[in-house]
Amino acid sequence: MKGGTSDARPGDADPHALRRYATYPERGWFVDAFDEAALAACYASALPVSGAGWGDGAGTAPAHIALSVAIPALAPGNAAYLAFARRIDDDIAFHRQWDPARSDVAELHWSGELGLLGASGAARLVALLRQRFAFARDAHWSVSLDWRAAQDETLLDTLALNGFAHLELCVGAVPTARPGGIAGGMRSSTEFPGVGEQEPMDADRRRLTELVARARAHGFASVGAVLEYGTEPRGPVPGAPSPGTLHMLDALIAEGATRLRLQTRCMCADVLAERVVLVERLHASGYVQLGIDDHARRDDPLVSAQRFGRLVCKPFGLSSRATHAVVPLGPGAIGATADAYFQHLEALPSGPVRSIAGRKVRAPGLRGWRLSADDAIRRTVIQSLATNFFIDRQAIELAHNIEFSDYFANEIRVLRRCANAGLLSLEDNFVETTDAGRVRLDNLCGVFDRYRHVRHAWLRSWVGTARVLEPLLAVR
């Protein structure tokens, strides 16, 4: 999609955050000019997305889709839930105008404020989705849940009994509803029963590890957790993780966490050394690195998918399921087709109610990005490097009809410097990362990212890749 780009990144984009490349370009580059006509064109040309980012149709049943449901903070009371359910129903009707969004669901992912939705709200939402969609018999259901909300055993039971198989426990600030219903904001921990405002860090860790064991007991097939590092005072040895972080990692491993994600918002040299220690500890415990910051036990289905080159990057994370589209539901949800990413706006735009399929619907506001041919090529390269840890140059050439050495001449010059630094190897038709390079996958992927460090729209049409590559090799 040409034109209509924003001149700067959104205020919530952290330039020091570790980039995961679940989307390329990232959502910071989505534009408001992506409208319903652009979405209709993307659905009309929807192809299966599989492998390392290109559409090849392998390993997927015809016309299966994924649903990504974003649950906002809800004010207490049934009225707030009804308003949210109405929006979900409107979003469903809006996307089902186009045939791909009517297909069977092979994957369902929930994220957001399930703790405020509650067990009864979760059960009603599942019933609504089952009423509106047909689910494949082997559909994969996953949910990201704030660890405080996971203390609600009724909610865990409800999710497990309704078919959710994978649970990821997240640690962070808890959003709250503003007066009047669905909204954003921050809710202090004192508003949750039994959670103090200034609880000791070790108590939080103990609860998180207990929750992993409890979730397994509730019947979840796999339970993952997010481990934050680099935020506490470290020990006397430079680059060594804090004792609390190591204790937390060991406890999660001992409790049988299926997947672990290492997360930090700082990439200084000391934190990078800390990351190396944590990754080595994970490898010694039998975990396999799946991407820039994701690790899983060897018996996890994602590890098998990676081994056969079927690991897929989706807006909500890594997946072993190839689908034709990711359909977003709810405020802030991100969807995808083979050649576009699109996101619902948090607030519904003002405008008349429309009639779709015989019912009155408020269409969600959209922002997004239609991938150019260059975007598609670079996404294939970046996601192959981020998930498979190598680039098959010949496969890229065949898939996109390019000459790799000519197309990426500037990038190859930088890759040679990376090879000299021991981060990767350049042999025959393959670019493959070393163990040292896997710790810095974010930087290596950034070599191919033409949007990284480019802030203004008018630069995008002419800036050369070589102008923005040099800063990528420096440790931030």
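We're numbering straight along the sequence, starting at 1. Just so you know, these numbers use all the heavy atoms, side chains as well, and skip hydrogens, waters and symmetry mates.
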Do [X] and [Y] get their side chains close enough for a donor-acceptor pair, meaning under 3.5 Å?
X: His64; Y: Thr323; result: no
X: Gln343; Y: Arg367; result: yes
X: Thr209; Y: Glu255; result: no
X: Tyr81; Y: Arg86; result: no
X: Asp375; Y: Trp369; result: yes
X: Ser142; Y: His109; result: yes

Does [X] reach the side chain of [Y], with side-chain heavy atoms less than 4.5 Å apart?
X: Asp91; Y: Pro328; value: no
X: Ile334; Y: Val326; value: no
X: Pro331; Y: Arg87; value: yes
X: Arg130; Y: Phe135; value: yes
X: Leu282; Y: Gln289; value: no
X: Phe84; Y: Ile71; value: yes
X: Val312; Y: Leu318; value: no
X: Leu262; Y: Arg275; value: yes

Heavy-atom closest contact ([X] atom, [Y] atom, distance):
X: Val361; Y: Ala93; answer: CG2-CB, 3.8 Å
X: Ser319; Y: Lys314; answer: OG-NZ, 3.5 Å
X: Ser68; Y: Ala333; answer: O-CB, 3.7 Å
X: Trp141; Y: Phe164; answer: CB-CA, 3.5 Å
X: Cys170; Y: Ser144; answer: SG-CB, 4.1 Å
X: Gly365; Y: Pro349; answer: N-CD, 3.3 Å

Examine distances only and state if a side-chain atom of [X] and a backbone atom of [Y] form a donor-acceptor pair shorter than 3.5 Å.
X: Ser103; Y: Pro100; answer: yes
X: Ser222; Y: His166; answer: no
X: Arg216; Y: Gly256; answer: yes
X: Glu26; Y: Thr23; answer: no

field: From CA spacing to verdict: side-chain contact (heavy atoms from CB on, under 4.5 Å), Leu159, His218
entry: CA-CA 9 Å; Leu159 293 172; His218 277 272; over 6 Å; no

task: Determine, for Phe133 and Arg96, whether the Lys NZ or Arg CZ falls below 6.0 Å from the six-membered ring centre while staying within 45 degrees of the axis.
output: yes

- prompt: Distance under 6.0 Å and angle within 45° of the ring axis: does Arg27 meet both against Tyr341?
  reply: no

Pair [X] + [Y]: basic N to acidic O under 4.0 Å:
X: Glu36; Y: Arg354; result: yes
X: Arg102; Y: Asp99; result: yes
X: Arg452; Y: Asp442; result: yes
X: Arg259; Y: Asp294; result: no
X: Arg362; Y: Asp90; result: no

- prompt: Can you list the steps and then say if Glu153 with Arg214 is a salt bridge (Lys or Arg N to Asp or Glu O under 4.0 Å)?
  reply: CA-CA 9 Å; Glu153 296 212 27; Arg214 185 184 303 172; 3.7 Å; yes

To the nearest 0.5 Å, what is the distance between [atom1] ([X]) and [atom2] ([Y])?
X: Gln306; Y: Thr387; atom1: CD; atom2: OG1; answer: 7.0 Å
X: Leu167; Y: Leu169; atom1: CG; atom2: CG; answer: 4.5 Å
X: Asp157; Y: Thr154; atom1: CG; atom2: OG1; answer: 6.5 Å
X: Arg20; Y: Asp293; atom1: CZ; atom2: CG; answer: 4.5 Å
X: Tyr21; Y: Arg378; atom1: OH; atom2: CZ; answer: 11.0 Å
X: Leu145; Y: Glu113; atom1: CG; atom2: CD; answer: 9.5 Å

message: List the residues meeting side chain to side chain contact (heavy atoms under 4.5 Å, CB included) with Asp89, not counting sequence neighbours, and say none if there are none.
response: Ile92, Leu128, Arg132, Arg359

- request: Any chance you could lay out the side-chain contact (heavy atoms from CB on, under 4.5 Å) test for Leu67 and Trp110, step after step, and finish with the verdict?
  value: CA-CA 8 Å; Leu67 295 180; Trp110 283 11; over 6 Å; no

message: Does Leu252 form a side-chain contact (heavy atoms from CB on, under 4.5 Å) with Val212? I'd like the steps, not just the answer.
response: CA-CA 7 Å; Leu252 289 171; Val212 172; 3.7 Å; yes

message: One pair to check against side-chain contact (heavy atoms from CB on, under 4.5 Å): His140 and Leu108. What are the steps and the verdict?
response: CA-CA 6 Å; His140 184 267; Leu108 172 68; over 6 Å; no

task: If the plane angle is over 60° it's perpendicular, under 30° parallel, otherwise tilted; pick one for Phe342 and Phe34.
output: parallel

